[in-house]
Amino acid sequence: MLAAILAGSLLPLASAHATETLETVQVTATRRGESTFDVPVATDVIDRDEIRAAAPQTVMEALRGQAGAYVQQTTPGQGIVVLRGLKGSEVLHVVDGFRLNDAIFRNAPNQYVALVDSQALARIEAVRGPMSALYGSDAMGGVLQMLTWEPRFEGAGWQSHGLLRSMYGSADDSTLSRVEGAFGHDRLAVSGGATYQDVNERRVGGGEELPHTRFTARAADAKVRAIVAAGNELTLSAQYSEQPHTPRYDELTPGYGQSDPNSAVYWFEPQRRDFVQLRWRGTHPTSAWDSAEAQVGQQRIEDGRRNRDFGSRNEDRESNVDTSRGLTFQASKAVDARHHLTYGIDVYDDDVDSTRTRTDVATGTTSMRAPRFPDGSTMFQAGAFIADDWSVGERLDVLGGVRWNMSRTRLPASDEFAATTVADGGFAGSLSLAYGLTESVRLVANLGQGFRAPNVFDLGTFGDRPGNRFNVPNPYLEPERLTSFDAGWKVMDDRLEGELIGYYSRYRDKITSVLTGDVTDSGRLVVQSRNAASLVLYGAEFAVQQRISDSVEWRAQLTWTHGEESIAGDDYPADRIPPLNGSAGMTWRPATRWTLDGWLNFADRQDRYSPRDDSDPRIRPGSTPGWSTWNVRAAWEASEHAYASLQYGNLGDRRYREYGSGLDAAGRGFVLTLELRL
């Protein structure tokens with residue numbers, strides 16, 4: 001019924017307008033540049049202006065209000081997006097073509113995505129649905145690709161430009177500063193930037209300030225791009241980001257049903273990401289490709305922690321470092337007028353270094369403890385893929401892909417288990433159809449497979465987990481598998497863009513956290529990851545944007561997700577499934593340089609709790625209330641060199657918590673953005 005109503009709202013709108021389209025180009029869904037209207041899969045594209053307008057504290061908050069995306073925040077300075085009911089390592093996160101997901105990336109909300117600087121991004125592309133045929137492990141709920149800015153100059157003469165951006169948020173007395181610059185000519189471009197962020201205590205609806213919500217972040221990036229020969233481009237890039245001292249709010253504050261917090265001390269101290277990459281792009285056609293790209297890179301993520309359970313005098317300090325080295329190659333070739341091939345390989349090799357020490361704060365005595373991850377663990381992944389974009393007649397396009405993939409994870413011997421190697425390999429495929437009803441309306445359908453190889457986090461984690469839990473290792477896990485089907489409409493013309501997609505997914509051998517029945521001395525529930533669950537997910541995603549006139553446009557999106565999980569024959573609602581949620585808004589440009597924007601964000605009540613939700617002190621017992629917020633923004637392009645905007649959020653000062661988050665959302669407040677372009 002929901003699908004029929006929403007489809008009925010799209011088709012009459014599409015037929016009412018001309019067919020000259022204003023297309024958005026994406027690169028993630030097919031691994032080559034193609035219109036979002038032409039690709040059969042569901043996509044979201046957020047450009048740099050939209051990221052700036054969203055004023056996100058962490059990168060994933062820029063996706064709030066996008067179709068099919070639900071933002072969850074465990075603690076300040078962190079945030080993830082749920083795609084089609086899946087999260088964490090169940091969604092593949094990519095930065096400039098390199099996997100952000102590493103060997104310690106957990107299948108739950110995590111802090112690592114926040115180590116990508118939103119201010120350095122040119123665009124974010126979200127592809128919803130399994131993409132393992134093109135991207136390998138983890139691409140089950142979809143792929144989130146973050147692409148950093150890359151200035152280009154025209155002409156042989158030397159040129160330069162720069163940017164200064166400053167932002168202030170009143171709800172948490174926060175400041176953000178960004179400086180960047182670039183110089184070069186058509187054959188050489190050198191660029192760089194730096195960002196600093198300082199966030200104080202969050203004021204929620206009603207005026208209360210939340211303790212343990214302060215954090216700082218800093219980041220820097222640099223890039224050198226050169227045309228070394230006709231049709232051959234080399235780019236060397238580097239990125240650095242750090243949160244030196246971020247509190248874990250839900251551990252430091254009593255949750256629902258608790259009189260005391262879980263921890264007296266809990267700090268992410270520090271969180272760092274270093275990344276360097278060399279990329280070659282070839283646009284000179286050969287017998288093997290029309291265009292090709294190769295990348296080699298290294299990413300290092302440091303997850304440092306300091307924590308002490310409430311009532312304990314033993315304080316632990318951890319250092320968990322994953323170093324990931326990757327090599328990728330891909331090429332595109334038009335075989336004839338009807339077939340366009342894309343093919344490639346990718347190889348990733350991870351090393352994990354993990355240590356933990358314990359100090360008696362009363363005596364100062366220090367001892368070594370079992371680390372969070374088996375120290376010296378490794379994970380190796382390799383794959384090869386090929387996809388054919390086949391035009392069958394004038395109206396029908398078929399996109400088929402297949403991948404071979406293998407993984408091997410080695411855990412050294414520890415007090416918990418003997419040395420173990422977990423290996424797996426196999427194939428994954430996808431088939432997509434797009435049929436043009438008219439020049440502006442297309443029917444799309446996709447059948448795809450997803451898989452996720454168990455990583456070091458799944459196999460070997462030992463230590464505290466959110467929700468008053470303590471994880472013990474299980475080195476005998478097998479890969480997760482998912483099969484999904486979706487179908488719907490896409491509409492695009494000179495005034496209207498929209499989509500309605502319905503999907504159904506079956507998830508097998510799902511790795512889930514299972515209670516063992518044991519309890520630690522500090523009262524934490526002992527859990528272990530096991531291939532214990534199966535999961536059925538289905539839902540609908542609707543989005544529309546229509547330009548009413550040259551100065552007025554409106555937009556709306558609605559996302560509905562339903563999940564049922566089964567463990568040992570017991571059926572219950574799936575874990576962390578977002579409630580019905582959406583947004584609606586209108587933009588008015590009364591003059592050339594002015595933009596006025598108003599919008600509503602909302603979510604329905606969620607009372608379909610999993611057993612884990614019922615015992616999680618972050619989640620309100622019984623149900624999480626629905627909520628809505630009104631928001632407005634005014635932006636002024638004073639000149640080609642100056643920009644200012646004032647955004648006022650949560651006008652009703654409503655106190656609410658997004659389902660699954662660890663703290664309440666910000667109350668009424670404004671964000672002022674000033675930008676100077678040099």
> Is the backbone N or O of Leu121 less than 3.5 Å from a side-chain atom of Arg48, with the two atoms forming a donor-acceptor pair by type?
yes

> Start with the C-alpha gap between Arg300 and Glu302, add the side-chain angles, then the distance that decides, and say whether salt bridge (charged side-chain N to carboxylate O under 4.0 Å, His left out) holds.
CA-CA 7 Å; Arg300 181 181 182 273; Glu302 179 180 359; 3.7 Å; yes

> Any ion pair linking Glu553 and Arg495 (charged N to carboxylate O, less than 4.0 Å)?
no

> So, Asp346 and Gln381: side-chain donor and acceptor under 3.5 Å apart, yes or no?
no

> For the pair Arg403 and Asn405, evaluate side chain to side chain donor-acceptor pair (under 3.5 Å) and give the outcome as yes or no after the intermediate values.
CA-CA 6 Å; Arg403 163 183 284 264; Asn405 208 84; 2.9 Å; yes

> Does Tyr112 have any ring-ring contact (aromatic ring centres under 6.0 Å, His included) partners at least two apart in sequence or in another chain, and if so, which?
Phe105

> Go through the steps for Ile301 and Gln299 under the test side-chain contact (heavy atoms from CB on, under 4.5 Å), then give the verdict.
CA-CA 7 Å; Ile301 290 181; Gln299 173 182 265; 3.8 Å; yes

> Step through the shown structure and confirm whether more than 12 heavy atoms of other residues, nucleotides or ligands are within 6.0 Å of CH2 on Trp588.
no

> State which residues pass ring-ring contact (aromatic ring centres under 6.0 Å, His included) with Phe329; sequence neighbours excluded, sorted by chain then number.
Trp289

> Considering only NZ, NE, NH1 and NH2 on the basic side and carboxylate oxygens on the acidic side, decide whether Arg225 and Glu233 come within less than 4.0 Å.
yes

> Looking only at heavy atoms, what is the nearest atom pair of Ala229 and Arg187, with distance?
N-NH2, 4.3 Å

> Dump the intermediate steps for side-chain contact (heavy atoms from CB on, under 4.5 Å) on Leu63 and Ile46, then the final yes or no.
CA-CA 8 Å; Leu63 282 161; Ile46 302 95; 3.1 Å; yes

> Can you tell me how far apart OG (Ser137) and CD (Glu90) are? Round to the nearest 0.5 Å.
11.0 Å

> If I take atom CG from residue Asp351 and atom OG from residue Ser324, how far apart are they, to the nearest 0.5 angstrom?
9.0 Å

> Of all residues at least two apart in sequence or in a different chain, which pass the ring-ring contact (aromatic ring centres under 6.0 Å, His included) check with Phe275?
Phe98

> Do the side chain of Glu242 and the main chain of Pro244 share a donor and acceptor less than 3.5 angstrom apart?
no

> Taking atom NE2 of His284 as the centre, report whether more than 12 heavy atoms of other residues, nucleotides or ligands fall under 6.0 Å from it.
no

> Are the side chain of Lys490 and the backbone N or O of Val41 linked by a donor-acceptor pair below 3.5 Å?
yes

> Which value, rounded to the nearest 0.5 Å, describes the distance between Thr673 atom OG1 and Arg165 atom CZ?
8.0 Å

> Rounded to the nearest 0.5 Å, what separation is found between the OG atom of Ser291 and the CZ atom of Arg32?
9.0 Å

> So do the side chains of Thr342 and Ile386 get within less than 4.5 Å of each other, counting heavy atoms only?
no

> Sequence neighbours excluded, which residues qualify as salt bridge (charged side-chain N to carboxylate O under 4.0 Å, His left out) partners of Arg202?
none

> Kindly indicate, with the supporting measurements, whether the criterion side chain to side chain donor-acceptor pair (under 3.5 Å) is fulfilled by Asp198 and Thr175.
CA-CA 5 Å; Asp198 185 16; Thr175 58; 4.7 Å; no

> Examine distances only and state if a side-chain atom of Arg279 and a backbone atom of Thr235 form a donor-acceptor pair shorter than 3.5 Å.
no

> State the CG-CG distance between Asp322 and Asp102, to the nearest 0.5 angstrom.
3.5 Å

> Looking at Asp172 and Arg214, does any basic side-chain N land under 4.0 Å from a carboxylate oxygen?
no

> Distance to the ring centre below 6.0 angstrom and angle to the axis at most 45 degrees; does that hold for Arg31 and Tyr135?
yes

> Any side-chain to backbone donor/acceptor pair from Asp388 onto Leu341? Under 3.5 Å, distance only.
no

> How close do Val91 and Gly141 get, counting heavy atoms only, and between which atoms?
CG2-CA, 4.3 Å

> So, are Arg325 and Asp350 salt-bridged, with charged N and O less than 4.0 Å apart?
no

> Check the pair Arg178, Glu180 against salt bridge (charged side-chain N to carboxylate O under 4.0 Å, His left out), reporting the backbone distance first and the verdict last.
CA-CA 7 Å; Arg178 169 73 177 177; Glu180 65 184 37; 3.0 Å; yes

> Salt-bridge test for Glu125 and Arg123: reply yes if a basic N is under 4.0 Å from a carboxylate O, no otherwise.
yes

> Taking only Lys NZ, Arg NE, NH1 and NH2, and the carboxylate oxygens of Asp or Glu, determine whether Arg128 and Asp44 approach each other closer than 4.0 Å.
yes

> Walk me through it: do Val352 and Ile104 pass the test side-chain contact (heavy atoms from CB on, under 4.5 Å)?
CA-CA 8 Å; Val352 177; Ile104 61 175; 4.0 Å; yes

> Between His161 and Phe183, is the gap from one ring center to the other below 6.0 Å?
no

> Show your reasoning for whether side chain to side chain donor-acceptor pair (under 3.5 Å) applies to Gln111 and Asp303.
CA-CA 9 Å; Gln111 69 273 30; Asp303 177 0; 3.3 Å; yes

> Would you tell me whether Gln295 and Gln277 have side-chain atoms, one donor and one acceptor, within less than 3.5 Å of each other?
yes

> Can any side-chain N or O of Ser661 pair as donor or acceptor with the backbone N or O of Gln73 at less than 3.5 Å?
yes

> Check the pair Arg555 / Asp597 against salt bridge (charged side-chain N to carboxylate O under 4.0 Å, His left out), numbers first and verdict last.
CA-CA 11 Å; Arg555 63 192 181 277; Asp597 203 9; 3.2 Å; yes

> Gln78 and Thr74: side-chain donor and acceptor closer than 3.5 Å?
no

> For residues 637-648, pull every pair meeting side-chain hydrogen bond (donor to acceptor under 3.5 Å, both in side chains), keeping only residues two or more places apart or in separate chains.
Arg633-Tyr643, Glu637-Arg677

> Salt bridge or not between Glu150 and Arg152? Use side-chain N to carboxylate O under 4.0 Å.
yes

> How long is the gap from CD1 on Ile80 to CG on Leu83, to the nearest 0.5 Å?
9.0 Å

> Taking only residues two or more places apart in sequence or in another chain, which ones pass ring-ring contact (aromatic ring centres under 6.0 Å, His included) with Trp594?
Trp636

> Do Asp117 and Ser241 get their side chains close enough for a donor-acceptor pair, meaning under 3.5 Å?
no

> Go through it in stages, so that I can follow the logic: the residues are Asp221 and Trp149, the test is side-chain contact (heavy atoms from CB on, under 4.5 Å), and I'd like the CA-CA distance, side-chain angles, deciding distance and then a yes or no.
CA-CA 10 Å; Asp221 55 271; Trp149 71 298; 3.0 Å; yes

> Are Lys333 and Asp290 ion-paired here, with the side-chain N under 4.0 Å from a carboxylate O?
yes

> Run the numbers on Tyr168 and Asp173 for side chain to side chain donor-acceptor pair (under 3.5 Å), then give the verdict.
CA-CA 7 Å; Tyr168 173 76; Asp173 193 26; 3.0 Å; yes

> Taking Asn107's backbone N and O only, do any of them form a donor-acceptor pair with Ser89's side chain (distance below 3.5 Å, no angle check)?
yes

